[in-house]
Each structure stands twice: as structure tokens, then as C-alpha cells.
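Accompanying notes for the structure given below.
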Amino acid sequence: MDKLSRGTALNGNVRIFCCNTTDLVQEATSKHDLYPTAAAALGRTLSVACIMGSMLKDEKEKLEIVIDGSGPIGQVVADGYYDGTVRGYVDNPHVQLEKENHKLNVGKAVGTDGVLRVVKDLSMKRPFISEVPLQSGEIGDDFAYYFAESEQTNSAVSVGVLVNTDCSIKSAGALIIQMMPSAVETDIQIVENIVTHLKPISQIIDEMKDPSEIARAIFGDYEELETRELKFKCECSRARFARVLSKLPEKDLQEMIDEDHGCEVACKFCGKKYQFSEETLQGYVNAHQALKKKAS
Ligand code: ZN
């Protein structure tokens with residue numbers, strides 16, 4: 001079971017988020033048939049989405065992360081929700097590059113010619129959109145930069161995914177350490193020292209599994225405030241796609257009827273497929289025509 005632990009340490013001067021996302025990254029990998037480099041890129045992003053989801057205030061809020069670096073992977077997209085669920089996809093799940101220093105080359109797959117964008121729907125009139133230029137495309141560095149620039153919070157961000165030789169996920173997760181405004185110089189030095197000597201988070205998760213235990217091992221005075229279960233979940237439905245289809249221009253619908261005798265749409269986020277028959281599409285066309293008649 002995937003889990004997130006959130007808490008504070010150093011007399012409340014730092015806050016810590018640690019999550020094990022191995023199962024949900026495995027689920028994303030299976031659903032999208034991700035090759036290892038793509039699994040690492042999406043897995044890292046989904047792990048941060050889990051943590052950012054836990055930073056939301058209530059269940060009406062949600063967030064979307066888009067990483068678009070003009071690399072061969074295309075866009076990496078992840079949605080995070082207050083209840084600990086996430087979903088996501090990459091444009092090109094079959095991107096695969098040579099390893100560099102025995103490491104999956106996420107930076108090259110993602111690219112650096114672009115932005116990291118976070119759209120927060122805080123159930124206000126307009127969503128809150130924040131965008132920063134990509135730093136390395138390795139995801140961790142990019143989010144550290146995002147937190148500093150957009151949220152004025154100095155953060156150490158460690159994300160990682162270990163992929164087995166059979167392409168299954170060995171471990172995945174993230175650790176984010178944020179300095180609170182109350183932090184003093186010694187706190188900063190302690191955190192810097194910890195981060196410098198820290199093993200890759202994917203390796204720590206592989207060895208210890210439990211994020212609460214990991215946080216306690218890193219900070220002796222770790223005070224846990226909350227844990228939550230994490231899951232890959234997509235809320236797509238036939239009704240939602242039907243609504244989108246019914247609003248398409250009449251001539252597009254007619255084309256689907258004439259040429260394909262129906263249509264199949266696949267959800268980008270989870271890969272689920274929905275079929276719509278010729279008769280259903282004809283029903284949408286008829287509705288368009290009835291509306292036109294009424295207007296004239
Ligand atoms: Zn879906």
C-alpha cells in the first residue's frame with residue numbers, strides 16, 4: 001500500500017513530506033505501457049503530485065502539473081487531489097534513451113526547452129496558474145526551483161524511481177524538505193548536511209519502505225502530523241465523454257458516422273476505452289438539428 005507521511009522537525013522549523021509510491025507508479029506503468037525512462041519521468045512527477053495534493057486545504061481543491069520541455073517524451077502531465085489520489089500520462093510512453101552513468105536519462109527525455117506549470121483549482125473563480133522555466137528536466141531540480149520561485153519556499157526535493165530489468169517498478173517515491181519562515185542559519189546548515197549525505201530516495205524506499213520510518217531515520221525529532229493512503233485513480237466516465245462528443249460540430253459527428261460508423265475514445269489519463277455507436281452519434285446530430293430548428 002502506498003503511503004505519505006507529513007510532519008515537522010528541528011523544532012518546527014522544517015516541514016517534511018515523504019511518500020512511497022511504488023504501487024501507483026507500477027499501476028501507471030502497466031496502464032500506459034511505459035518504457036523505463038518514461039516510467040521514471042511520470043513516476044517522479046506523480047510522486048510530487050501526491051505531496052502537492054497533501055498541501056491542498058480541502059477536498060474541493062485539486063492541482064494539475066504539466067512539464068513540457070520539448071524533449072522526445074512530449075508533455076508529462078499529472079493531476080493531484082486532496083484525497084491522496086493522482087493520475088497522469090506522458091505523450092510518448094515508449095521513449096527510451098541510453099542510460100548515462102547507469103542512470104535513466106530522464107533529463108534528456110523531458111528536455112529543458114520549456115516550462116513546469118502548476119494549475120491549482122482552489123475552487124475560486126479562476127484557477128491559480130504558476131509557471132517556471134525548466135532547470136534540468138530531471139523533475140526534482142525543477143520542482144525545487146518551482147517552490148523557491150512560485151511559493152517562496154526553499155525546498156530540497158528528492159524524487160526517484162527504480163526500474164527492474166523486466167521493466168516492473170522496484171521502488172518509487174519522493175522526499176521534500178521545506179524550510180519554514182522561522183528557520184535559522186543552523187537549521188539550514190543541518191538540512192544541507194543531511195541532503196548532501198542522503199542516498200537516492202528510490203534506494204532508501206527500496207530498503208525501508210515505510211515513509212514514516214524514513215522521515216524518523218532522517219530527522220531524530222521528526223513529529224508526524226499526518227499519514228495518508230495514496231492511489232492511482234481516474235474519475236473518467238462514459239457520461240463525461242458523451243458530453244464532450246455531443247458538443248462536437250455537426251459535420252465532425254457526421255464524418256464519424258459516415259466513415260467509421262461510430263467512434264472509440266480513450267482516456268488519456270488511464271487508457272480506458274469507451275465506444276459510441278452510430279445510433280448514439282446520430283442522436284447527437286439530431287439534437288443539434290432540433291436546436292437549430294428551435295432557434296430559427
Ligand atoms: Zn480515465
Side-chain angles (χ1 to χ4, degrees), residues 1-4 19-54 56 58-68 73-95 109-110 116-123 127 129 139 161 167-169 172-174 228-248 252-253 256 260 262-277 280-281 283-284:
M1 185 190 84
D2 288 339
K3 184 182 139 182
L4 176 140
C19 63
N20 181 340
T21 55
T22 309
D23 293 346
L24 72 90
V25 174
Q26 177 61 62
E27 194 169 340
T29 302
S30 309
K31 276 190 197 310
H32 295 302
D33 188 29
L34 300 173
Y35 285 10
T37 313
L42 183 58
R44 290 179 191 182
T45 310
L46 285 171
S47 301
V48 177
C50 287
I51 290 177
M52 290 183 75
S54 81
L56 297 171
D58 66 60
E59 75 262 14
K60 284 190 234 105
E61 302 184 356
K62 60 184 180 203
L63 64 98
E64 182 186 49
I65 297 165
V66 179
I67 297 172
D68 190 353
I73 205 167
Q75 287 194 339
V76 183
V77 180
D79 287 354
Y81 300 87
Y82 178 79
D83 67 355
T85 61
V86 288
R87 60 177 195 167
Y89 67 90
V90 298
D91 281 341
N92 179 9
H94 293 166
V95 67
V110 169
L116 159 62
R117 185 167 57 247
V118 176
V119 181
K120 282 188 196 163
D121 183 352
L122 307 176
S123 58
I129 304 171
I139 317 290
V161 176
C167 293
S168 63
I169 304 302
R228 60 176 74 188
E229 208 179 309
L230 304 171
K231 267 199 188 98
F232 187 103
K233 186 171 139 199
C234 186
E235 296 261 271
C236 69
S237 66
R238 196 183 159 74
R240 206 171 283 186
F241 282 106
R243 242 189 336 267
V244 175
L245 272 177
S246 69
K247 284 183 187 139
L248 286 181
D252 293 356
L253 288 165
M256 287 182 218
D260 307 315
C263 80
E264 180 181 88
V265 285
C267 173
K268 268 186 162 183
F269 283 95
C270 71
K272 198 165 172 192
K273 292 187 172 88
Y274 298 90
Q275 268 91 21
F276 291 88
S277 68
T280 307
L281 297 180
Y284 299 152

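When a ligand or atom number is given, it counts from 1 through the structure's own listing order. Residue numbers count from 1 along this sequence.
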Side chain to side chain donor-acceptor pair (under 3.5 Å) assessment of Gln26 paired with Thr22:
CA-CA 6 Å; Gln26 177 61 62; Thr22 309; over 6 Å; no
Donor-acceptor pairs under 3.5 angstrom involving side-chain atoms of residues 34-53: please list them, not counting sequence neighbours.
unit_1, atom_1, unit_2, atom_2, d
Thr37, OG1, Gln96, OE1, 2.9
Arg44, NH1, Glu138, O, 2.9
Arg44, NH1, Glu138, OE1, 3.0
Thr45, OG1, Ala41, O, 2.8
Ser47, OG, Thr21, OG1, 2.8
Ser47, OG, Gly43, O, 2.7

Does anything in residues 234-244 form a salt bridge (charged side-chain N to carboxylate O under 4.0 Å, His left out)? List the pairs, not counting sequence neighbours.
Lys233-Glu235
Taken in chain and number order and not counting sequence neighbours, the residues that satisfy ring-ring contact (aromatic ring centres under 6.0 Å, His included) with Tyr274 are Phe241
Tell me whether the rings of His32 and Phe232 are parallel (<30°), tilted (30 to 60°) or perpendicular (>60°).
perpendicular
NZ on Lys247 to OH on Tyr284, rounded to 0.5 Å
11.0 Å
At distances under 2.8 Å, what protein N, O or S atoms surround the Zn ion (ligand 1)?
Cys234 SG, Cys236 SG, Cys267 SG, Cys270 SG
